[in-house]
Amino acid sequence: MKFRAIAFDIDGTLYPNYRMYLYSLIPALKHPILALNFGRVRKEIRKVRPVENFRHLQARMLADHMGCSAEHAFALAERFLYERWVTSFRGLKPFPGVRAVLDSFKHAGFKLAAMSDFPIQSKLEYLGLSGLWDTAFTAEDTHYLKPHPEPFLRLINELECGPEEILYVGNSYSYDIEGAGAVGIRTAHLTKHPVPGSRADFSFFRYSDLRDFVFSHSGV
């Protein structure tokens with residue numbers, strides 16, 4: 001089956017993971033208790049079923065960890081994590097070759113998508129990659145984080161392709177590769193060290209290799 005759409009995780013996939021930690025350092029140092037507990041909640045919330053309102057559930061869980069009201073936790077998260085933290089990513093640069101490869105996919109007629117756990121629109125702009133996407137959304141919009149099926153099912157729906165016609169590219173084996181693979185989406189794992197017995201359709205570290213793989217499996 002030929003690919004019709006290529007979808008991407010963002011953090012650690014379109015740009016180096018260390019950059020995310022670097023840009024997160026100053027906000028974390030300014031608000032260490034908030035940052036520490038937010039990280040804990042993001043791990044715990046992946047296991048919660050069902051979720052009706054992601055941000056409010058996240059705030060309640062954060063409040064439990066911090067010993068404050070849910071309203072206060074919600075306000076803190078919105079102000080420091082969803083507003084100020086995102087702006088710290090200005091000047092972000094993608095991996096070498098990313099823009100050229102995305103342009104080649106677009107020129108060849110592939111649909112392009114971006115789907116990540118964190119809010120993404122500003123990052124795409126900072127990366128110089130806005131305007132390329134047929135769909136772009138955060139997993140939070142579905143009320144679940146990866147590897148829950150819901151974000152990937154929305155991806156299938158918005159791209160209007162069969163799951164076997166979509167290639168999802170990500171750097172996290174458990175969240176990206178296993179999550180997408182569980183709903184039948186094909187996968188490419190960005191890694192220097194391929195997982196033994198990996199279920200990914202392809203593992204790579206240079207974007208030129210990803211381009212060659214996609215074109216060789218699509219008759220381009």
Side-chain angles (χ1 to χ4, degrees), residues 7-86 88-89 92 114-123 136-155 168-183 185 187 189-193 195 198-200:
F8 293 84
D9 169 56
I10 294 181
D11 302 302
T13 298
L14 293 180
Y15 72 94
N17 229 1
Y18 79 88
R19 288 281 183 182
M20 181 177 71
Y21 297 120
L22 181 63
Y23 289 136
S24 303
L25 184 59
I26 293 178
L29 290 175
K30 287 184 177 179
H31 307 281
I33 295 176
L34 174 63
L36 175 64
N37 287 292
F38 183 75
R40 290 171 175 168
V41 167
R42 294 290 285 199
K43 290 182 180 180
E44 295 170 4
I45 203 169
R46 296 179 195 273
K47 303 175 184 178
V48 178
R49 308 288 188 273
V51 177
E52 294 183 0
N53 187 311
F54 183 89
R55 291 274 183 99
H56 284 88
L57 172 61
Q58 180 175 261
R60 291 198 300 272
M61 294 174 68
L62 188 58
D64 289 341
H65 279 280
M66 295 180 64
C68 64
S69 70
E71 292 76 12
H72 183 60
F74 183 86
L76 286 175
E78 292 296 311
R79 182 179 180 186
F80 294 109
L81 300 174
Y82 287 101
E83 296 174 11
R84 294 189 181 180
W85 180 54
V86 171
S88 69
F89 284 82
L92 196 62
M115 188 273 284
S116 191
D117 276 344
F118 287 104
I120 65 174
Q121 293 296 348
S122 294
K123 285 182 185 174
F137 62 93
T138 173
E140 287 186 7
D141 294 340
T142 71
H143 304 298
Y144 293 97
L145 301 180
K146 297 178 293 184
H148 191 278
E150 200 60 35
F152 296 103
L153 294 175
R154 174 171 170 176
L155 198 61
Y168 188 74
V169 183
N171 68 303
S172 169
Y173 188 80
S174 58
Y175 296 158
D176 298 325
I177 306 308
E178 293 187 334
V183 298
I185 293 175
T187 56
H189 187 198
L190 173 64
T191 179
K192 288 184 177 179
H193 308 289
V195 175
S198 173
R199 70 179 296 171

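We use all heavy atoms of the structure for the numbers below, so side chains are in, but hydrogens, waters and symmetry mates are not.
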Should the heavy atoms of other residues, nucleotides or ligands under 6.0 Å from CD1 of Ile33 be counted, would the total exceed 12?
no
Supply the atom-to-atom distance Thr187 OG1 to Ile177 CD1, rounded to the nearest 0.5 angstrom.
4.0 Å
Backbone of Asn171 reached by a side-chain donor or acceptor of Asp176 within 3.5 Å
yes
What class does the angle between the rings of Phe118 and Phe38 fall in, given that below 30° is parallel, 30 to 60° is tilted and above 60° is perpendicular?
tilted
Between the NE2 atom in His56 and the CZ atom in Phe74, the distance rounded to the nearest 0.5 Å is 4.5 Å
Taking the side chain as C-beta and beyond, is there a heavy-atom pair between Met115 and Pro151 under 4.5 Å?
yes
Donor-acceptor contact present, side-chain Tyr175 to main-chain Gly170, <3.5 Å:
no
Looking at Ile10 and Ala114, what are the two nearest heavy atoms and their distance?
CD1-CB, 4.3 Å
Judged by atom type as modelled, is there a donor-acceptor pair below 3.5 Å linking the side chain of Arg46 to the main-chain atoms of Lys146?
yes
Looking at side-chain heavy atoms only, is the closest gap between Phe54 and Thr142 below 4.5 Å?
no
Please verify the inter-ring angle class for Tyr15 with Phe89; under 30° counts as parallel, over 60° as perpendicular, anything in between as tilted.
perpendicular
Would you say the side-chain atoms of Tyr173 pair up with the backbone N or O of Arg199, donor to acceptor, closer than 3.5 Å?
yes
Would you give the length of the straight line joining atom NE2 of His193 to atom OG of Ser198, rounded to the nearest 0.5 angstrom?
14.0 Å
Under 4.5 Å between any side-chain heavy atoms of Asp11 and Lys123, yes or no?
yes
Distance-only, no hydrogens or angles: does the Ser116 side chain make a donor-acceptor pair with backbone N or O of Thr138 under 3.5 Å?
no
Output, in order, the C-alpha distance, side-chain angles, deciding distance and verdict of side-chain contact (heavy atoms from CB on, under 4.5 Å) for Glu44 and His65.
CA-CA 11 Å; Glu44 295 170 4; His65 279 280; 3.0 Å; yes
Side-chain contact test, heavy atoms from C-beta onward, threshold under 4.5 Å: evaluate it for Leu62 versus Leu34 and give yes or no.
yes
CG-CD distance between Asp141 and Glu150, expressed to the nearest 0.5 angstrom:
11.5 Å
Any donor and acceptor pair, going by atom type alone, linking the side chain of Tyr144 with main-chain N or O of Val51 inside 3.5 Å?
yes
Specify the closest pair of heavy atoms between Ser69 and His72, including all atoms of both residues, with the distance to one decimal.
OG-N, 3.0 Å
What are the two closest non-hydrogen atoms of Ala59 and Ala73, and how far apart are they?
O-CB, 3.4 Å
What's the separation between atom CZ in Phe8 and atom CG in Leu14, rounded to the nearest 0.5 Å?
6.5 Å
To the nearest 0.5 Å, how far apart are CE in Met61 and CZ in Arg40?
12.5 Å
Over all atoms of both residues, closest heavy-atom pair of Pro119 and Arg55
CG-NH2, 4.0 Å
Would the distance check show the side chain of Arg154 and the main-chain N or O of Phe137 forming a donor-acceptor pair, the cut-off being under 3.5 Å?
no
I would like to know whether Leu76 and His31 meet side-chain contact (heavy atoms from CB on, under 4.5 Å); could you show each step before the answer?
CA-CA 10 Å; Leu76 286 175; His31 307 281; over 6 Å; no
Asp117 to Ala139 - nearest heavy-atom pair and separation
OD1-CB, 3.4 Å
Do the side chains of His148 and Arg49 get nearer than 4.5 Å, heavy atoms only?
yes
Closest non-hydrogen atoms of Ser174 and Pro147, given as atom of the first, atom of the second and distance, are O-CB, 3.5 Å
